[in-house]
Each structure stands twice: as C-alpha cells, then as structure tokens.
Amino acid sequence: EPEVTQTPSHQVTQMGQEVILRCVPISNHLYFYWYRQILGQKVEFLVSFYNNEISEKSEIFDDQFSVERPDGSNFTLKIRSTKLEDSAMYFCASRPALLASETQYFGPGTRLLVL
Amino acid sequence: GDSVTQMEGPVTLSEEAFLTINCTYTATGYPSLFWYVQYPGEGLQLLLKATKADDKGSNKGFEATYRKETTSFHLEKGSVQVSDSAVYFCALSDHLTGANSKLTFGKGITLSVRP
C-alpha cells in the first residue's frame, strides 16, 4: 500500500541554524500539507500546497518557513533560522483529490529538537 | 474559527472494557469529521470518518456517529484490546474553505489497555 514517507525521523539542531524536512507524498496525490505538534499540544496546520504554490497558510507559517516541491516527488519544509519554540513533531500529509471529505494520508513525522 | 474539543486523558482500561472517547466540534460550515490514531512510533492513520450528519463511520470495531444537533462525534468500541493502545485524535475538515481544506485537530487522548 502506498504511504507517505518522511526523512529524517529525528533531527537535532542549534538555534539559528537552517533545517530542511523532507517528505515524499503518495505519487498520484494533488494536495500536500505540513502540520506540527508541539509536545503535549494539538496537531496544528502549517501550510497547504497545490499546483506548485501555497494555497493556504496559518499564522504560524511566517517568513522563516518555506515549502517547495523541487522535483515532482519530494515536498520539503525549510525553516531558515530555527528558534527553540520550533521544537516539535512535524507531519507531512497528502490528499488525492479536490473534495474536503477526502482522507489526508500522513507520514510518520520528523521530531525536531532545537537547542 | 473551527475547533475540536476532546475529553481530557489519559484513559486506562482493562481488556474487553467498553470505550467512549468524547469529541465535540465548532465549525462555520458543514465539516467532514475524522478519527485518526497514532500507534507508538508511527504516524497518524485514519481510523474512520463521516462526511454528513447522521453518518456512522466504523472500522476495526470502532464506531462514531456524526451528530449535528449536539455537534459531536464520539468514538466508541464495545471491547477494547491491548493492541488498541494508542493516541486518538478527533479532527474536522470544513467544506466551506474549499478544496484546500486543512484538518483541525483536537488535542488527542492517550488510551492504554491493560491485559
């Protein structure tokens, strides 16, 4: 069964460093998402991406964040200058079609720790 | 804005006990409702969903009914197993925001089932 994959599974970085989190969505899916979950808190939406551009972003997704689909298979989230409060589990998700009722399929997550 | 409220956890049950996890929502439109499950060390997996009022989603012995009058989507299982130990997330996707619809999650609840 096709699945969303994410790398790395864990990343430790120093405050102020750039990190790139990688995701490979399911191949025939059209919509892509990043979510994050700070320890003990809700899973929060960051950004959605369709047709090679951002379609919606949350207020969390400020200028320090960017997303890219560089080669038609990977979907990346970049944090330019990490802060302590960026420590969280980051989930990538993809969805096949237009309908909001369609299931989003999630990857296993990347646990980011900013020191 | 949209929101999802789940009962406080964690929940610990003995095997074969009855499970109810409460979930209520607030949405401006006509949401689809989802339960996702996260097993230890894994990503979020769809457990079940319902896309309109009075629909019942079911999977693996779990059920939830979309109750528009009480804005609820409580998860139930008649007889839990040790393998059901996981974190359970209630979520909604609001049709009014269109095809880019993000998921809005509850905080999640940890279920532990004792043999």
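Lettering follows sequence order; numbering is per chain, from 1. Everything numeric here is computed off the predicted structure, so don't read it as measured data.
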Interchain contact, B:Gln45 with chain A, by part (heavy-atom threshold 4.5 Å): neither
Counting only heavy atoms from other residues, nucleotides and ligands, does the tally under 6.0 Å from CG of A:Asp63 exceed 12? no
Hydrophobic clustering (ILVMFWY, side-chain heavy atoms < 4.5 Å, transitive) - are A:Phe32 and A:Ile26 grouped together? no
Are any of the side-chain heavy atoms of B:Lys102 and A:Tyr35 separated by less than 4.5 Å? yes
Contact summary for B:Leu44 and A:Phe106, nearest pair of heavy atoms: O-CB, 3.4 Å
Side chain to side chain contact (heavy atoms under 4.5 Å, CB included) for B:Phe89 and A:Gln37? Distances and angles first, verdict last. CA-CA 12 Å; B:Phe89 295 91; A:Gln37 184 182 28; 3.6 Å; yes
For residues B:Leu75 and B:Tyr39: do they belong to one hydrophobic cluster (side chain heavy atoms under 4.5 Å, members Ile, Leu, Val, Met, Phe, Trp, Tyr)? yes
So for atom CZ, which belongs to A:Arg22, do other residues, nucleotides or ligands contribute more than 12 heavy atoms lying within a distance under 6.0 Å? no
Please tell me whether B:Leu47 and B:Val87 are part of a single hydrophobic cluster in this structure, the criterion being side-chain heavy atoms less than 4.5 Å apart. no
Does some side-chain heavy atom of B:Tyr36 sit less than 4.5 Å from a side-chain heavy atom of A:Gln104? yes
Those residues of residues 62-69 of chain B that come under 4.5 Å of chain A on a heavy-atom basis, listed by number, are none
Cluster check B:Leu46, B:Leu33: I/L/V/M/F/W/Y, side chain < 4.5 angstrom: no
Enter the distance from A:Phe45:CZ to B:Thr104:OG1 here, rounded to the nearest 0.5 Å. 9.0 Å
Would one find more than 12 heavy atoms of other residues, nucleotides or ligands at under 6.0 Å from atom CD of A:Glu3? no
Count the heavy atoms of every other residue, nucleotide or ligand shown that sit under 6.0 Å from CG of A:Leu115, and state whether that count exceeds 12. yes
Does A:Tyr105 share a hydrophobic cluster with A:Met89, counting links as ILVMFWY side-chain heavy atoms below 4.5 Å and allowing steps through other members? no
Around A:Glu85, counting heavy atoms of other residues, nucleotides and ligands shown, do more than 12 lie under 6.0 Å from its CD? yes
Donor-acceptor pair, side chain of A:Lys42 and main chain of B:Val4, under 3.5 angstrom: yes
Under 4.5 Å from any heavy atom of chain A - which part of B:Leu103: both
